[in-house]
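I have placed the structure first, in the form of structure tokens, so that the comments after it can refer back to it.
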2 protein chains.
Amino acid sequence: MTLSDATGLLRGAGLRVTEPRRAVLEALEGLPHASADAIHAQVVRTLPDVSLQTVYNVLRDLTGSGLTRSIEPGDHPARYELRVGDNHHHLVCTRCSAIVDVDCVVGHAPCLTPNESHGFVLNEAEVTFWGLCLDCQAAVGLASDPVPSTH
Amino acid sequence: MTLSDATGLLRGAGLRVTEPRRAVLEALEGLPHASADAIHAQVVRTLPDVSLQTVYNVLRDLTGSGLTRSIEPGDHPARYELRVGDNHHHLVCTRCSAIVDVDCVVGHAPCLTPNESHGFVLNEAEVTFWGLCLDCQAAVGLASDPVPSTH
DNA sequence: GCGATTCATTTGAATGATTCAAAAAAAGCG
DNA sequence: CGCTTTTTTTGAATCATTCAAATGAATCGC
């Protein structure tokens, strides 16, 4: 993300342009699905005085303005992403917490309409797929079966 | 839930039968989707000395044994339910946090298979529907439009 | 460009859900 | 009934997140 991209996004959202805000946007480009803590760690590499509290403030404002989206998988700390407005979903690794995006299945909006809505007016269907990522499959395989079996 | 039901469930799961454990099972029958705190409040009505810590311990053990399931919608505290093993999903009210069950759409397992699994081996698809429950629709309507419009 | 006003950031502390740890009590086995 | 293992209690710790007051910076009108 270029400096002017971030500036334009902030202006467009009616937010003041500040260094911490630009830095958080830039960090999120390189670290999709990062936690506040991880974003902070990245931001302080260029702006050493930015506090974690500021990162929380910035993420609150960005999310409130629709520039970022927060996801809260299970009991993990919240993660943030730049990809907004396309209602995509997530794969979460149960072992290492890696997260990757998955597009919503197109054609029949599969999960947006439950059988019975019990009178609820729905505005979002959130889908989280839990499983083992490739790396963790390998790691678990090694741990439980260090010598590849030939059977 | 009768006393012998709870006892049988615990025995069947290989867990020792204790009063707090039976009381938590009974509480969950009357309070589906209750938080640890809410379960505790119910349990102490019959067993005043049971601590919140014990409720957490019990819920950990019950969930570990498959007698209960925990759900963690967004940043809400965890909720617990007796209904296990049928992979149902939940409607959560964004205003009052009410939760109701919805069955998985039958016939085509809609959400269990994303388009691309990115190499993940999946073992669960969790679907959370966010919206306004009936009561909160009424309450919001009243607040924003106290005199029903005739237009 | 400059100053006033509004909004952002910092610092330090508080909160709330949950977990850890050690000691006391109870469950289940023989 | 007594022994061993597991559970419960008590009290404190942890972690992500939020609150609040004071300082500092960004924008608007001139």
Side-chain angles (χ1 to χ4, degrees), chain A residues 3-4 6-25 27 33-41 43-44 46-65 67-68 70-80 92 97 99, chain B residues 3-4 6-25 27 33-41 43-44 46-65 67-80 97 99:
Chain A
L3 194 142
S4 59
T7 301
L9 282 174
L10 291 168
R11 285 244 150 77
L15 294 175
R16 288 191 178 174
V17 178
T18 68
E19 297 228 38
R21 285 177 175 168
R22 283 203 312 249
V24 166
L25 287 171
H33 314 119
S35 64
D37 220 41
I39 294 166
H40 179 241
V43 166
V44 293
T46 51
L47 301 174
D49 293 337
V50 170
S51 66
L52 177 59
Q53 174 65 58
T54 290
V55 171
Y56 274 106
N57 289 345
V58 168
L59 289 169
R60 175 192 9 82
D61 297 339
L62 294 180
T63 302
S65 307
L67 293 184
T68 57
S70 85
I71 58 177
E72 284 147 13
D75 61 350
H76 295 275
R79 311 301 190 94
Y80 297 85
V92 184
S97 303
I99 301 182
Chain B
L3 193 141
S4 59
T7 301
L9 282 174
L10 291 167
R11 286 244 150 78
L15 294 175
R16 288 192 178 174
V17 178
T18 68
E19 298 228 38
R21 285 176 175 169
R22 285 203 311 248
V24 166
L25 286 171
H33 313 119
S35 63
D37 220 42
I39 294 166
H40 179 241
V43 165
V44 292
T46 52
L47 301 174
D49 294 337
V50 171
S51 66
L52 177 58
Q53 174 66 58
T54 291
V55 172
Y56 274 106
N57 290 345
V58 168
L59 290 168
R60 174 193 6 85
D61 297 339
L62 295 181
T63 301
S65 306
L67 292 183
T68 57
R69 175 183 168 193
S70 85
I71 58 177
E72 284 146 14
D75 60 350
H76 295 274
R79 310 301 190 94
Y80 297 85
S97 304
I99 300 182

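All chains are named by letter (A, B, ...) in the order of the sequence lines, taking the proteins before the strands, and each is independently numbered beginning at 1.
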Scan for salt bridge (Lys or Arg N to Asp or Glu O under 4.0 Å) pairs involving residues 11-20 of chain A, sequence neighbours excluded, and state none if there are none.
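Sorted pair list comes back empty.
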Between the protein and nucleotides 20-26 of chain D, list the N/O to N/O atom pairs that are separated by less than 3.5 angstrom.
from, atom 1, to, atom 2, distance (Å)
D:dA26, N3, A:Arg16, NH1, 3.4

Please give the angle, rounded to 10 degrees, between the axes at the start and the end of the helix from C:dG1-D:dC30 to C:dG30-D:dC1, where five pairs define each axis.
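Computed angle between terminal axes is 40°.
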Collect all protein-nucleotide pairs involving nucleotides 28-30 of chain D in which both atoms are nitrogen or oxygen and the distance is under 3.5 Å.
none

Which residues satisfy the side-chain contact (heavy atoms from CB on, under 4.5 Å) test with [X], sequence neighbours excluded?
X       : value
B:Ala13 : B:Leu15, B:Ser65, B:Leu67
B:Asp75 : A:Glu72
A:Asp37 : A:Ser35, A:Leu52

By side-chain hydrogen bond (donor to acceptor under 3.5 Å, both in side chains), which residues pair with A:Thr68, not counting sequence neighbours?
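Checked A:Thr68 against side-chain hydrogen bond (donor to acceptor under 3.5 Å, both in side chains); matches are A:Thr63.
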Qualifying residues under side-chain hydrogen bond (donor to acceptor under 3.5 Å, both in side chains), relative to A:Ser51, sequence neighbours excluded
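If we apply the side-chain hydrogen bond (donor to acceptor under 3.5 Å, both in side chains) test to A:Ser51, skipping adjacent residues, the hits are A:Thr54.
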Please figure out whether A:Val50 or B:Ala78 has its closest DNA chain C nucleotide nearer the 5' end.
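Upstream on the strand: A:Val50.
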Those residues that, when tested against A:Arg21, pass salt bridge (Lys or Arg N to Asp or Glu O under 4.0 Å) (two or more places apart):
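Once residues adjacent in sequence are excluded, the partners of A:Arg21 under the salt bridge (Lys or Arg N to Asp or Glu O under 4.0 Å) criterion are A:Asp61.
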With A:Arg79 via salt bridge (Lys or Arg N to Asp or Glu O under 4.0 Å) - residues at least two apart
none
First and last nucleotide of DNA chain C in contact with chain A, 5' to 3', at under 4.0 Å to a heavy atom: what are they?
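First and last nucleotides in contact are C:dT6 to C:dG12.
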